[in-house]
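Single-structure report; data block below.
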2 protein chains.
Amino acid sequence: MTTIQDVARKAHVGVATVSRVLNESGYVKAETRERILDAIRELNYTPNAVARNLYHRKTGIVALIVPEISHPYFAEFIDAAEAVLYGCGYQCMICNTKREQNYEAYYLDLLKQQRVDGIITGVHTLDIEQYRQIDRPIVALDRQLGSHIPCVAVNHEEGGRMAAEALIRSGCRKVLQVTGQSHVSTPSNRRHEVFEQVIRESGGECINYLSKWNRFSYSYHREAALEIAENYPDIDGFFSTDVITAAVLHAMKEKGRRCPEDFSAVAYDGTFVSRLPYPELTTIVQPISELAETCVDLLMKQIRGDVLSETNIRLNVIYRQGATTA
Amino acid sequence: MTTIQDVARKAHVGVATVSRVLNESGYVKAETRERILDAIRELNYTPNAVARNLYHRKTGIVALIVPEISHPYFAEFIDAAEAVLYGCGYQCMICNTKREQNYEAYYLDLLKQQRVDGIITGVHTLDIEQYRQIDRPIVALDRQLGSHIPCVAVNHEEGGRMAAEALIRSGCRKVLQVTGQSHVSTPSNRRHEVFEQVIRESGGECINYLSKWNRFSYSYHREAALEIAENYPDIDGFFSTDVITAAVLHAMKEKGRRCPEDFSAVAYDGTFVSRLPYPELTTIVQPISELAETCVDLLMKQIRGDVLSETNIRLNVIYRQGATTA
DNA sequence: TTCGTGTATGGAACCCATCCCATAAAATGA
DNA sequence: TCATTTTATGGGATGGGTTCCATACACGAA
């Protein structure tokens with residue numbers, strides 16, 4: 001690989017002058033500049049980014065930690081975050097934890113090693129304590145990792161309420177919602193509490209189906225859906241994520257239970273998956289792009305060293321009427 | 001940040017000795033090692049990865065260039081590739097081109113800047129010439145970028161044939177397939193040629209619907225689907241990707257055309273999306289994990305400096321019977 | 001006793017940039 | 001003409017590691 005030394009030698013100048021040309025800083029005589037640019041062209045020289053990173057003590061890379069890249073919610077989040085980060089001059093490293101906590105610890109280390117300038121994490125298997133030790137830019141998506149780490153999420157209470165009300169409007173009396181493992185309290189778990197409460201208050205019955213699989217790949221969702229259709233064919237209302245709801249609609253149809261004739265359903269997330277099933281899903285839309293923008297914004301502020309005025313941000317969800325509710 | 005110097009000072013040794021302990025190489029007296037390890041613990045020292053990268057002239061990062069992260073095919077590919085790369089000790093940087101060719105050029109530069117050790121690209125908007133200039137590890141997914149860059153794809157001819165035959169078996173006489181912009185010849189375009197040929201040979205009519213949008217986001221697919229349902233409600237067979245097929249099934253149903261009663265459909269890719277619609281899609285499955293494994297394998301060989309025996313790899317597709325064909 | 005050989009350690013070059021600072025010439029002003 | 005200021009340039013320290021090589025001691029063999 002050609003280095004700045006090679007360029008300097010070829011142009012008969014010192015490396016400092018070449019550097020000045022490269023960074024367009026300081027004084028360089030027009031004539032000298034041309035000679036250096038020629039040398040750069042001839043040698044097909046490109047500055048080594050790692051050496052620059054070393055000097056500047058930053059890499060221009062942000063890590064996105066997610067439990068599963070191909071889950072539509074995270075895929076759309078990554079898509080959006082990547083676009084915003086690109087606009088800020090940052091590259092984006094993806095880290096798939098697949099629910100293994102050693103992965104998460106490994107990825108957190110990227111920060112200590114100065115391999116990345118910041119982390120946006122949508123994962124929370126580790127102890128909060130392990131995050132507390134790190135005093136570097138981190139933003140959590142939908143995860144409460146302690147007071148010093150900003151958390152960006154939607155207003156899940158509102159989401160849970162909207163979902164419950166949609167089912168109540170559809171006349172549901174016996175509804176089932178799929179809840180996640182809640183050994184760690186996440187903002188997103190709040191929606192299930194509110195959902196249940198609102199359903200109960202309406203006099204309806206609310207079954208909480210605890211997803212055994214704390215996993216995000218579709219095969220698990222599908223199995224859960226089959227189990228639900230098998231064991232609870234008589235529910236008249238259903239609430240879960242887009243993907244699981246789509247899977248349940250499918251499984252129910254196999255059992256001869258049609259939506260919305262025999263039961264209603266409200267989904268959550270508002271990814272493209274909610275538009276795929278027929279009928280289209282009524283869903284509580286999370287503004288994924290805005291979540292990504294907000295996460296990046298908070299991260300950039302930390303990287304710049306700004307003081308964060310707000311560390312607990314809640315965006316609004318949007319109710320999108322499909323055809324799975326009245 | 002604490003450096004190896006700080007550790008050396010604290011342990012009263014030279015930096016070389018600390019380095020030896022860190023890398024478990026060379027001779028270090030047990031007693032000295034303990035003293036150094038203590039110092040590392042006390043200072044909470046982590047070696048700076050950028051400095052290491054500079055010396056070793058490698059970063060342990062591979063870039064994945066895709067046109068759209070959240071498209072299920074690419075999302076599942078990234079998911080799989082990330083896992084394999086992790087196993088090889090590599091991190092994974094994602095680059096979304098969104099069909100803008102300046103993005104692709106920008107990302108290719110990451111290689112020249114030595115920011116990444118290799119690139120796996122699923123994108124091909126640039127001239128082959130621009131790839132030819134780069135003599136560093138690159139693997140192309142489903143793209144022919146010139147003889148020196150290995151290309152990994154499935155046997156699309158076989159896929160096109162399987163799809164056509166499935167529709168013929170279902171008795172289709174007037175089928176429509178969605179083809180992409182083919183200003184650049186990609187292996188994947190071959191399936192449409194074979195598909196058309198096989199349909200024609202069976203005496204059927206084959207309409208090639210050229211997707212105006214050379215885009216991968218769902219809103220475009222959906223619009224295309226609505227247009228197809230509007231303009232070609234009388235087709236009895238359909239062939240496209242999972243996502244577009246799902247969208248067309250949806251749009252057709254709105255028009256009162258049911259699948260498989262009124263028309264048959266075969267999809268392509270075999271992502272989780274093929275399992276979401278009801279009825280489940282008959283689809284030609286691309287072995288996405290194997291594609292990813294193969295790409296990574298070829299990339300690692302290049303990084304190691306091995307000579308590639310084969311640079312044009314074709315994996316087999318799998319026919320998966322759903323309920324959209326007989 | 002002397003000559004390896006294995007063990008143990010640290011100085012310094014190296015990886016490839018950036019940039020401070022010293023130096024000097026040219027341009028400007030008094 | 002002399003004193004400043006501006007322009008122009010390069011040496012060398014710096015960022016934080018790795019590793020070659022020189023040095024030195026201990027120990028067994030000749």
Side-chain angles (χ1 to χ4, degrees), chain A residues 1-40 43-61 89 109-117 136, chain B residues 1-40 43-61 89 109-117 136:
Chain A
M1 270 295 149
T2 58
T3 72
I4 199 172
Q5 295 278 356
D6 302 323
V7 176
R9 234 185 324 266
K10 184 162 193 96
H12 304 291
V13 294
V15 290
T17 309
V18 178
S19 181
R20 252 175 257 126
V21 170
L22 290 172
N23 299 290
E24 298 178 40
S25 66
Y27 295 111
V28 180
K29 206 198 290 179
E31 186 191 326
T32 313
R33 181 197 315 284
E34 283 316 310
R35 215 166 60 240
I36 290 171
L37 289 175
D38 283 346
I40 288 173
L43 296 172
N44 189 24
Y45 166 75
T46 306
N48 182 309
V50 178
R52 288 179 154 178
N53 291 340
L54 176 60
Y55 188 87
H56 290 119
R57 293 200 209 76
K58 65 170 288 222
T59 59
I61 301 175
D109 228 41
L110 297 175
L111 257 186
K112 280 183 73 183
Q113 295 168 201
Q114 317 230 50
R115 230 177 206 300
V116 300
D117 296 339
R136 301 215 48 209
Chain B
M1 270 297 148
T2 57
T3 72
I4 199 173
Q5 296 278 355
D6 302 324
V7 175
R9 233 183 326 265
K10 186 161 191 96
H12 303 291
V13 294
V15 289
T17 309
V18 178
S19 182
R20 252 174 258 127
V21 170
L22 289 172
N23 299 290
E24 298 178 38
S25 65
Y27 295 112
V28 179
K29 206 199 292 179
E31 187 190 325
T32 312
R33 181 195 316 284
E34 283 315 312
R35 216 166 60 240
I36 291 171
L37 289 175
D38 283 347
I40 288 174
L43 295 172
N44 190 25
Y45 166 74
T46 307
N48 182 309
V50 178
R52 287 179 154 178
N53 291 341
L54 178 59
Y55 187 86
H56 290 119
R57 293 200 209 74
K58 65 171 286 218
T59 58
I61 301 175
D109 227 42
L110 298 175
L111 256 187
K112 280 183 72 183
Q113 295 168 203
Q114 318 228 51
R115 229 176 206 301
V116 300
D117 296 339
R136 299 214 50 206

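Only this structure's heavy atoms are used, side chains among them; waters, hydrogens and symmetry mates stay out. Residue numbers start from 1 in every chain, and the chains themselves are labelled A, B, ... in the order their sequence lines are given, proteins ahead of strands.
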Verify, without hydrogens or angle tests, whether B/Arg20 (side chain) and B/Gly26 (backbone) share a donor-acceptor contact under 3.5 angstrom. no
Taking B/Thr46 for its side chain and A/Gln113 for its backbone only, find out whether a donor-acceptor pair lies under 3.5 Å. no
Under 4.0 Å, counting only non-hydrogen atoms across every strand here, what does [X] touch: a base, just sugar-phosphate, or nothing?
X: A/Val50; answer: nothing
X: B/Asn53; answer: nothing
X: A/Ser25; answer: nothing

Whether A/Asp6 and A/Arg9 form a salt bridge (side-chain N of Lys/Arg under 4.0 Å from carboxylate O of Asp/Glu) is what I want to check.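 Counted as a salt bridge, because a side-chain N and a carboxylate O are separated by less than 4.0 Å.
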Is there a side-chain polar atom (N or O) of [X] under 4.0 Å from OP1 or OP2 of [N]?
X: B/His56; N: D/dT19; result: yes
X: B/Tyr55; N: D/dT18; result: no
X: A/Arg57; N: D/dG16; result: yes
X: B/Ser19; N: D/dG17; result: no

Of B/Ala51 and B/Val15, the one whose closest DNA chain C nucleotide lies more 5':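 Looking at DNA chain C, the more 5' nearest nucleotide goes with B/Val15.
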Heavy-atom count around A/Lys10 NZ within 6.0 Å, excluding the residue itself: above 12?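 Counting neighbours around NZ of A/Lys10, 12 or fewer heavy atoms of other residues, nucleotides or ligands fall under 6.0 Å, so no.
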Any donor-acceptor pair, under 3.5 Å, between the side chain of A/Arg52 and the base of D/dG15, if you only look at N and O atoms?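 Not at all, since no donor on one side and acceptor on the other fall under 3.5 Å apart.
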